[in-house]
Asker: 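The structure under discussion is supplied below as structure tokens; questions concerning it will follow.
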Amino acid sequence: MSETAKIELDGKVYELPIVRGTENEKAIDISKLRDLSGYITLDSGYKNTGSTKSAITFLDGEEGILLYRGYPIEQLAEKASFLEVSYLLIYGNLPTQIELESFENSIKKHTLVHEDMKRFFEAYPAKAHPMGVLSSMISSLSTFYPESLDPNRSAEKKNLTVHRLIAKLPTLAAWSYKNSTSHPFMYPRNQYDYVTNFLYMMFSMPTEDYSVDPVIVSALNTLLILHADHEQNCSTSTVRMVGSANANLYSSVAAGISALWGPLHGGANQEVIEMLEQIVLDGGNVDKWVAKAKDKEDPFRLMGFGHRVYKNFDPRATIIKRSCDEVLEKLGINDPLLDVAKKLEKVALEDEYFKSRSLYPNVDFYSGIIYKAIGVPTEMFTVMFAFGRLPGWIAQWKEMTENKEPIGRPRQVYLGSTCRNYVPIGDR
Ligand code: CMC
């Protein structure tokens, strides 16, 4: 006998199916509730709404657990490469050596972008935020590959679109930075691995030989893995929502990039550094800024603190914090921002306001310090997040199209005026 939940409305009892996930997450399937009873459920911000059944990522916010396809984030961050994790997320299993090589080679084949796309960059103002540029460029890819417009093509053709996107995003991301500095674009060099190739396109100059410290490559690899997926967050839900209308992958991911840009989501990593810089400039009085964050009359929040799902600790923040210490030590960097960050963390973690609301440092609290240490400019931080989140967006979009999920279309409770007659303008 399958389990059911009973709900009583207007004196009538309705039985609704209960769904249990593999990690024993429980849900009441209310999809037929309106048809049966005329009621909908109301849940602004989807705080308590499961929008899909997914086999990609599991997270337990109370216990601080994050698994990609069943593998703990701690193990993947320590042992795997970012492309290996991308393969895992998108195709469901860790690749064999042959599968990984074939995946890497396919990505390498597509790292160049169409030369005409280079001309788009010329039209952007010098101060264009790279997230705005990246989102437009990713959407524009659909115009160069019109065959990608049908998301329900054969698996082989869908793969081609997926590989093109993974290959071209780092090139476009690096070029959006080069454009902002008016420096020449560097073409990809496919003898490098995926992460090194991105760093090469970002930081090399045609006038100089290029070499990169392996500590930097390794730190970036870890950061990208930590960002690779996070189940139904704001940008991923956006990708799924746009994709549910049968929109193509490029446009769906471009929409995800726009959602990620928001300071309450991925844009927080830029905001954290700007906040730390402001505190340092202001004399480093951490208590004053903690008090501001607690003051309900003051809109200021401690950026990099709090999470919709993690209410104990963010396991990604724990790994990043360690990685941050290692990178700064190995590169011999003494960053005053890190001292302020550590003080802020200590004060906030001991403060009743933060404790009672379960507000802990999230992944964005430390990631910016690492990006800064490896030379990534502040405006590029959220682009780095998008770079990392790409395989997750692709995996979720792919799962949604393969499961033939219906178009996303929530209901509402209408609170506006009831029906009234039009009044000619002179009589109003
Ligand atoms: N500083 C001060 N107070 C806070 C903060 C903060 N960073 N975050 C939440 N609160 C308070 C909030 O004012 C509210 O207090 P009260 O109960 O007295 O009204 C309470 O904590 C609950 O906050 P909420 O806004 O209802 O929680 P939420 O789940 O809707 O928001 C959040 C989650 C991440 C948007 C929020 O914690 C926040 O704005 N944090 C700062 C931005 C940030 O770091 N974002 C990155 C998130 S991690 C990356 C990602 O996955 O996107």
Side-chain angles (χ1 to χ4, degrees), residues 43-49 56-62 64-66 68 73 131 223-239 256-276 278-279 286-321 341 344-371 378 381-393 396:
D43 182 20
S44 301
Y46 310 120
K47 292 192 179 196
N48 198 44
T49 293
I56 301 171
T57 289
F58 171 73
L59 77 86
D60 180 333
E62 280 71 36
I65 295 171
L66 175 60
Y68 294 164
I73 190 66
M131 280 298 272
L223 275 172
L224 295 174
I225 290 173
L226 294 180
H227 285 91
D229 195 47
H230 213 230
E231 51 117 299
Q232 309 311 317
N233 56 83
C234 175
S235 57
T236 302
S237 300
T238 303
V239 170
I257 293 173
S258 300
L260 187 76
W261 192 2
L264 296 187
H265 189 15
N269 57 13
Q270 175 173 341
E271 302 268 330
V272 169
I273 287 292
E274 286 169 358
M275 173 189 79
L276 294 175
Q278 218 179 339
I279 298 176
V286 164
D287 291 326
K288 173 179 156 190
W289 290 82
V290 169
K292 262 169 82 63
K294 287 159 53 177
D295 181 356
K296 292 290 166 203
E297 302 302 312
D298 190 326
F300 175 74
R301 282 189 165 196
L302 272 195
M303 299 313 284
F305 271 76
H307 199 276
R308 171 61 62 79
V309 185
Y310 293 120
K311 298 299 175 198
N312 185 350
F313 67 96
D314 180 343
R316 303 167 303 169
T318 312
I319 302 168
I320 281 198
K321 189 178 174 187
L344 198 60
E345 186 192 12
K346 190 166 181 297
V347 173
L349 288 180
E350 285 166 3
D351 189 292
E352 200 41 43
Y353 173 95
F354 290 87
K355 282 205 300 201
S356 63
R357 289 170 180 76
S358 301
L359 299 171
Y360 297 89
N362 58 47
V363 68
D364 288 329
F365 192 65
Y366 284 101
S367 62
I369 296 173
I370 306 189
Y371 290 140
T378 316
F381 287 3
T382 316
V383 170
M384 304 303 291
F385 195 153
F387 182 14
R389 184 54 54 87
L390 182 64
W393 288 332
Q396 302 267 354

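Both ligands and their constituent atoms are indexed starting at 1 by order of listing.
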Asker: With under 30° as parallel and over 60° as perpendicular, where do the rings of F385 and H265 fit, or are they tilted in between?
Answerer: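 Rings of F385 and H265: perpendicular, as their planes differ by over 60°.
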Asker: Would you say atom 47 (C) of ligand 1 makes contact with the protein, given that contact here means a non-hydrogen protein atom less than 4.0 Å away?
Answerer: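 When distances to the protein are checked, atom 47 (C) of ligand 1 has a heavy atom within 4.0 Å.
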Asker: In terms of residue, atom name and distance, what is the protein heavy atom nearest to atom 34 (C) of ligand 1?
Answerer: G306 O, 3.7 Å
Asker: With atom 42 (C) of ligand 1 as the reference point, say which of M303, R389, R316 has the nearest heavy atom.
Answerer: M303
Asker: So which atom in A386 and which in I257 form the shortest heavy-atom distance, rounded to 0.1 Å?
Answerer: CB-CG1, 4.5 Å
Asker: Within the protein, is there a heavy atom lying under 4.0 Å from atom 39 (O) of ligand 1?
Answerer: yes
Asker: Taking side chain as C-beta onward, heavy atoms only, is E274 less than 4.5 Å from T378?
Answerer: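 The answer is yes, as the side chains (C-beta and beyond) meet within the 4.5 Å cut-off.
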Asker: Considering residues, nucleotides and ligands other than F300, do more than 12 of their heavy atoms fall under 6.0 Å from its CZ?
Answerer: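 Result for CZ/F300: enclosed.
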Asker: Write out the residue and atom name of the closest protein heavy atom to atom 36 (C) of ligand 1, then the distance separating them to 0.1 Å.
Answerer: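 Of the protein heavy atoms, R301 NH1, 3.3 Å lies nearest.
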Asker: For atom 8 (N) of ligand 1, which of D295, T236, L359 has the closest heavy atom?
Answerer: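 The nearest heavy atom belongs to L359.
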Asker: Nearest heavy-atom pair of A317 and V363: which atoms, and what distance?
Answerer: CB-N, 4.2 Å
Asker: Specify side chain, backbone, both or neither for D314, according to which of its non-hydrogen atoms lie closer than 4.0 Å to ligand 1.
Answerer: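 Neither; nothing of D314 gets under 4.0 Å from ligand 1.
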Asker: Near D43 CG, under 6.0 Å, is it more than 12 heavy atoms from other residues, nucleotides or ligands?
Answerer: yes
Asker: Between T236 and W393, is there a side-chain heavy-atom distance shorter than 4.5 Å?
Answerer: yes
Asker: What residue and atom, counting heavy atoms only, is the protein's closest point to atom 51 (O) of ligand 1, and at what distance?
Answerer: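 It is H307 NE2, 3.6 Å.
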Asker: By number and element, which atoms of ligand 1 are closer than 4.0 Å to a non-hydrogen atom of D364?
Answerer: 46 (C), 48 (S), 49 (C)
Asker: Can you find a pair of side-chain heavy atoms, one from E345 and one from Y366, that are under 4.5 Å apart?
Answerer: yes
Asker: Under the criterion side-chain contact (heavy atoms from CB on, under 4.5 Å), which of D60, L359, L66 is the partner of Y310?
Answerer: L66
Asker: Could you measure the distance from the CZ atom of F387 to the CG atom of L223? Nearest 0.5 Å is fine.
Answerer: 11.0 Å
Asker: For the 3.5 Å polar cut-off, considering only N or O atoms, please tell me whether L302 and ligand 1 meet it.
Answerer: yes
Asker: Does any N/O atom on H230 come nearer than 3.5 Å to any N/O atom on ligand 1?
Answerer: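 No; the residue has no nitrogen or oxygen that sits under 3.5 Å from a nitrogen or oxygen of the ligand.
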Asker: Going by the order shown, which atoms of ligand 1 are within less than 4.0 Å of some heavy atom of K47?
Answerer: 26 (O), 30 (O)
Asker: In terms of atom number and element, which parts of ligand 1 are under 4.0 angstrom from non-hydrogen atoms of L264?
Answerer: 39 (O), 45 (N), 46 (C), 47 (C)
Asker: For residues N269 and T382, is any side-chain donor paired with an opposing acceptor at under 3.5 Å?
Answerer: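 A pair is found: one side chain offers a donor N or O, the other an acceptor, under 3.5 Å apart.
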Asker: Looking only at non-hydrogen atoms, find the nearest pair between L59 and E231 and report the distance.
Answerer: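 Shortest heavy-atom separation between L59 and E231 comes out as CD2-CG, 3.6 Å.
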Asker: Suppose I only count heavy atoms of N362 and a 4.0 Å limit; which atoms of ligand 1 are within that range?
Answerer: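 It comes down to these atoms of ligand 1: 43 (C), 44 (O), 46 (C), 47 (C), 48 (S).
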Asker: Please indicate whether any nitrogen or oxygen in A268 is less than 3.5 Å from any nitrogen or oxygen in ligand 1.
Answerer: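 Min N/O separation from ligand 1 is not below 3.5 Å for A268.
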Asker: If you count the atoms of ligand 1 from 1 in the order shown, which ones are under 4.0 Å from a heavy atom of K296?
Answerer: 12 (C), 13 (O), 15 (O), 16 (P), 18 (O), 19 (O)
Asker: Does an N or O from R308, backbone or side chain, lie closer than 3.5 Å to an N or O of ligand 1?
Answerer: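 R308 vs ligand 1: N/O contact under 3.5 Å present.
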Asker: So that I know where these two stand, are H307 and F365 an aromatic pair - ring centroids less than 6.0 Å apart?
Answerer: no
Asker: What is the minimum heavy-atom distance between F354 and A348, and which atoms define it?
Answerer: CB-O, 3.2 Å
Asker: Out of all atoms in ligand 1, which are within 4.0 Å of some heavy atom of A293? Include the element for each.
Answerer: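 Matching atoms, with element in brackets: 2 (C).
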Asker: Heavy-atom contacts under 4.0 Å between Y353 and ligand 1: side chain, backbone, both, or neither?
Answerer: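 Contact part for Y353 vs ligand 1: side chain (C-beta onward).
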Asker: Any idea which protein heavy atom is nearest atom 50 (C) of ligand 1, and the distance to it?
Answerer: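 Looking at atom 50 (C) of ligand 1, the protein heavy atom closest to it is H265 ND1, 3.6 Å.
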Asker: Just to check, does K294 reach to within less than 4.0 Å of ligand 1 when the distance is taken from its heavy atoms?
Answerer: no
Asker: Does any N/O atom on R357 come nearer than 3.5 Å to any N/O atom on ligand 1?
Answerer: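 Yes, there is a polar N/O contact under 3.5 Å.
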Asker: Give the atom numbers and elements of ligand 1 that come within less than 4.0 Å of a heavy atom of G304.
Answerer: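 Taking each heavy atom of G304 in turn, ligand 1 has 43 (C), 44 (O) under 4.0 Å.
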Asker: Starting from atom 41 (C) of ligand 1, find the nearest protein heavy-atom neighbour and note its residue, name and distance.
Answerer: F305 O, 3.4 Å
